[in-house]
Amino acid sequence: MGKTQILGREAEDRAESMLSRAGLRTIVRNYHCRSGEIDLVMRDGEHLVFVEVRFRSSRGFGSAAASVDADKQRRLILAAQHYLLQSRWQGPCRFDVVTFDHGRGEHWIRDAFGA
C-alpha cells in the first residue's frame, strides 16, 4: 500500500470516527461496484447517507471540496443507485462530503449535492 492510500485510509478512519461521534452509524465501508466506490455508507436517523471523503496534503491541487466535481458526483450517484438496488432501501438518502485540507482542518458538508 502506497503513501497516498495510507493517507486516504487514515482520512476515512477520521471521517468515520467524526460522523459516529455525531450519531451516524456505519453500514458499509468502501462499497465497490462497476460504477465507482462509496467511501462510507451510514445511517443518520431515517436517512441513508453516502459519504465521500477527500484529503489534500498540499494546496497545489486545489481544495478537497473542489475535487468533488460534476464527474465525481455522477460516479457517486451511479454507485449509490447500485447500492440502493442491492439493499432495497426505501427511505430518504443524501450525499455528504467530509474534507481534510492541509492547514485548513476538516469540514463536514451535509447534503453536499443532490441526485
Side-chain angles (χ1 to χ4, degrees):
M1 186 179 295
K3 182 179 179 180
T4 302
Q5 289 173 313
I6 291 169
L7 292 172
R9 180 142 319 183
E10 288 173 357
E12 287 176 8
D13 290 343
R14 288 174 53 195
E16 182 178 22
S17 178
M18 178 179 71
L19 297 174
S20 293
R21 286 191 309 273
L24 281 73
R25 185 173 52 92
T26 303
I27 305 298
V28 178
R29 274 190 76 148
N30 302 113
Y31 178 79
H32 292 272
C33 66
R34 281 186 175 190
S35 303
E37 175 191 355
I38 300 170
D39 295 325
L40 298 165
V41 179
M42 303 183 85
R43 281 286 303 268
D44 185 14
E46 66 179 12
H47 284 85
L48 190 66
V49 183
F50 300 102
V51 181
E52 175 66 9
V53 180
R54 303 303 277 187
F55 173 79
R56 288 290 180 262
S57 59
S58 75
R59 295 181 181 166
F61 296 106
S63 74
S67 70
V68 185
D69 60 13
D71 186 54
K72 180 64 176 175
Q73 290 175 29
R74 182 185 59 77
R75 290 193 314 270
L76 288 167
I77 290 166
L78 289 172
Q81 288 172 336
H82 186 271
Y83 178 86
L84 292 170
L85 287 172
Q86 299 301 311
S87 70
R88 299 176 193 222
W89 175 261
Q90 295 295 315
C93 304
R94 73 171 193 252
F95 292 89
D96 289 5
V97 175
V98 176
T99 63
F100 299 95
D101 280 297
H102 177 73
R104 294 185 215 151
E106 59 193 37
H107 294 10
W108 175 14
I109 307 166
R110 291 179 189 242
D111 206 12
F113 59 91

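Linking Ile, Leu, Val, Met, Phe, Trp and Tyr whenever their side-chain heavy atoms come within less than 4.5 Å leaves Phe113 and Leu78 in two separate clusters. The cluster map of Ile, Leu, Val, Met, Phe, Trp and Tyr, joined by side-chain heavy atoms under 4.5 Å apart, puts Phe100 and Trp108 in the same cluster. Both Val97 and Val28 belong to a common hydrophobic cluster when Ile, Leu, Val, Met, Phe, Trp and Tyr are linked at side-chain heavy-atom distances under 4.5 angstrom.
Expressed to the nearest 0.5 Å, how far CD1 of Ile38 lies from NE2 of His82 amounts to 10.0 Å. The CZ atom of Arg54 lies 10.5 Å from the CD atom of Glu12; values are rounded to the nearest 0.5 Å.
Residues Glu46 and Trp89 share a closest heavy-atom pair of O-CZ2, 3.3 Å. Shortest non-hydrogen contact noted between Ala79 and Ser35 is N-CB, 3.9 Å. Across all non-hydrogen atoms, the minimal contact from Arg94 to Asp96 is NE-OD1, 2.8 Å. Taking all atoms of both residues into account, the shortest heavy-atom contact from Ile77 to Gly114 is CD1-O, 3.7 Å. Considering all non-hydrogen atoms of both residues, Ala11 and Phe55 come closest at CB-CB, 4.0 Å. Leu84 and Cys93 make their closest contact through CD2-SG, 3.8 Å (heavy atoms, listed as atom of the first residue, atom of the second, distance).
For Asp39 (side chain) and Asn30 (main-chain N/O), no donor-acceptor pair under 3.5 Å exists by modelled atom type.
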TODO: Please step through side-chain contact (heavy atoms from CB on, under 4.5 Å) for the pair Glu52 and Ile109, ending with a clear verdict.
DONE: CA-CA 10 Å; Glu52 175 66 9; Ile109 307 166; over 6 Å; no

- [ ] Carefully, step by step, assess Asp71 and Arg75 under the rule side-chain contact (heavy atoms from CB on, under 4.5 Å).
- [x] CA-CA 6 Å; Asp71 186 54; Arg75 290 193 314 270; 2.3 Å; yes

TODO: Take Gln86 and Tyr31, measure what side-chain contact (heavy atoms from CB on, under 4.5 Å) needs, and give me the verdict at the end.
DONE: CA-CA 11 Å; Gln86 299 301 311; Tyr31 178 79; 3.6 Å; yes

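For the pair Tyr83 and Cys33, the minimum side-chain heavy-atom distance is 4.5 Å or more. No side-chain heavy atom of Val68 sits less than 4.5 Å from a side-chain heavy atom of Phe95. Looking only at side-chain heavy atoms (C-beta outward), Arg29 and Asp13 come within less than 4.5 Å of each other. Counting heavy atoms from C-beta on, the side chains of Arg43 and Leu48 come closer than 4.5 Å.
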